[in-house]
2 protein chains.
Amino acid sequence: MRIAELSRRTGVPIPTIKYYVREGLVPQGERTGPNQARYGEEHVRRLRLARALVEVGGLPVASAREALALIFSSGISEFDVLGKAQYALTPPRERAGDDAGGDAGGDAAAQVDELIARRGWQVKPGNPARRTLADALATLRRLGEDDYLDLLETYAETAEHLADMEVRAISRRGDLHAMAEAIVIWTTLGDPVLASLRRLAQEAQATRLLGGTAAKTAEEAAEETA
Amino acid sequence: MRIAELSRRTGVPIPTIKYYVREGLVPQGERTGPNQARYGEEHVRRLRLARALVEVGGLPVASAREALALIFSSGISEFDVLGKAQYALTPPRERAGDDAGGDAGGDAAAQVDELIARRGWQVKPGNPARRTLADALATLRRLGEDDYLDLLETYAETAEHLADMEVRAISRRGDLHAMAEAIVIWTTLGDPVLASLRRLAQEAQATRLLGGTAAKTAEEAAEETA
DNA sequence: CGATAGTGGAGAGTGTCACTATCTATAAAT
DNA sequence: ATTTATAGATAGTGACACTCTCCACTATCG
């Protein structure tokens, strides 16, 4: 097919396709002349994947390129595909905070190590999620949210439960390529799915636990009727 | 205190403080002369909060302004603070996808409605998380990830469990102002916390479920030793 | 007292990012 | 034969989050 059809089938504008090809998210079409090229199903697939990672997953284009390269590379082993995917999917964090407020950063890093040890998780020291988590915990501490420890434990249990499901579902796939693809898709798109479900559940629980005890505002009643 | 101390105590550079004041994230200091102003503890607090939302939570400055305005406004009721916070915290989504591939969007929206109904959640039709979730589900369907339904159910259960904890923890706070603040902090910072915990747990579970059955690569062994 | 450093405020400039527009020389379609 | 489409390259755009530069002052130190 030519580029117009590729664009029609994926919903991605032609200039954007050209941009993605330049950036290496999608390979060039098979050249058939000085200004002609042919695209196939694998271009459709890869373009859709690229679009999902960038638009829904919110990945920077450079990270999406790495993740796609990982999926479509040969010679990956199932034992490092997940680690590599996590590296690829974590946008490079900005420099460490030169912030004030005690040594919240160091404390938080130690706290993360301790949490990982306590749960018996085996996680490489280089996993970028350690840093992200430590930063978030340091921030919470700095804000004086000191009752977050119970919640953190629940979060960790929950995460373990989800990860168990996910890893099982993924390992059920036959070949390595499909596994790699599923890992990238689920690691990336799982975040917005989980985040929005959490927000929906929050509203629901708030209504259930708090809303029943008092009258609704007129505004809310109107919105419910609409 | 003057601006230099405010900067030292929060770790935020002076030009950035000035920028935040201009953008309304932080109020002006109390003017004491043509080029002098005094800042107090509430500026420290609000600046730290602003920084956390923008840097760790990844909120756009405009959304952070709304969220902060909500926290520090008087006359909020506990019944709409959560809803308003969710509106404020959701960055304005880009235009609806003019994408190809059947009516995945409409189907997904219906699927979200159905999920909410099935779980007995009471959620306003305008909650932005509905859109986000529908977009993500439509994308998954378009990518052919058709076995995501079991996972989705687990995600929803999990989200409900977390939301229950969170709402209880928040409603335990005495005054409305502290509740509003906690809602904004936890809605925003909970996302990165949960996301990184999920990644850590994924690696741990992958090691547990898959790693034991085969030899490690040399690279991994080296990384573990280091 | 004077020199130096710090201040508030405003406007312009910077760097990054993800596109998007324009151009040229072709090729395809009608 | 004319219109439309194409590949590829270069340049431009708009949003965003700062960051710089100035200016007219003010504070403070020796």
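Predicted, not measured: the structure shown is a model, and the values here were computed from it. In what follows, chains are A, B, ... by sequence order, proteins preceding strands, each numbered from 1. Below, each value reflects all heavy atoms present in this structure, side chains not excepted, and no hydrogens, waters or symmetry copies.
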What is the distance, rounded to the nearest whole Å, between atom CD1 of B/I17 and atom P of C/dG9? 13 Å
Whole angstrom value for the distance that separates C1' of C/dT20 from OH of A/Y19: 11 Å
Heavy atoms under 4.0 Å, any strand shown: does B/P15 hit a base, just sugar-phosphate, or nothing? base
If you assign each of B/A62 and A/G33 to its closest nucleotide in DNA chain D, which residue comes earlier from the 5' end? A/G33
Below 4.0 angstrom from OP1 or OP2 of D/dC18, is there any side-chain N or O of B/Y20? yes
When you measure from the side chain of A/V54, which nucleotide among D/dC18, C/dC19, D/dT6 comes out closest? C/dC19
Between the side chains of A/R130 and A/D135, is the shortest nitrogen-to-carboxylate-oxygen separation below 4.0 Å, so that they form an ion pair? no
Rounded to whole Å, please give me the gap between CG in B/L59 and C1' in D/dA15. 17 Å
A/T16 side-chain N/O to C/dA18 phosphate OP1/OP2 under 4.0 Å: no
Hey, are the side chains of A/Q205 and B/L162 touching, using non-hydrogen atoms and a 4.5 Å cut-off? no
Side chain of A/I3 (C-beta onward), nearest among C/dG6, D/dA7, D/dC18: D/dA7
At under 4.0 Å, does any side-chain N or O of A/R2 touch on OP1 or OP2 of C/dA27? no
In whole angstrom, give the distance that lies between atom CZ of B/R65 and atom P of D/dC18. 13 Å
What integer distance in Å separates B/N35:CG from C/dT7:P? 10 Å
Does any donor-acceptor pair link the side chain of B/R31 with the base of C/dG9 at a separation under 3.5 Å? no
Indicate, yes or no, whether a donor-acceptor pair under 3.5 Å links the base of D/dA7 to the side chain of A/K18. yes
When the distance from OH of A/Y39 to P of D/dA5 is rounded to whole Å, what number comes out? 16 Å
Can A/Y20 and A/R51 be counted as having a side-chain donor-acceptor contact under 3.5 angstrom? yes
OP1 or OP2 of D/dA27 less than 4.0 angstrom from a side-chain nitrogen or oxygen of B/R38, does that happen here? no
Using the six-membered ring wherever Trp is involved, compare the ring planes of B/Y155 and A/W186 and label them parallel, tilted or perpendicular (cut-offs 30° and 60°). perpendicular
Among A/T188, A/D191, A/L70, the one residue meeting side chain to side chain contact (heavy atoms under 4.5 Å, CB included) with A/L89: A/T188
Comparing nearest nucleotides in DNA chain C, the 5'-proximal residue of the pair B/R22, B/A4 is B/A4
Classify the nucleic acid contact of A/Q28 as base, sugar-phosphate or nothing, counting any heavy atom under 4.0 Å across all strands shown. sugar-phosphate
Rounded to whole angstrom units, what separation is found between the CD atom of B/E5 and the P atom of D/dA27? 16 Å
Expressed as a whole number of angstroms, how long is the span from B/M1:CE to D/dA27:P? 17 Å
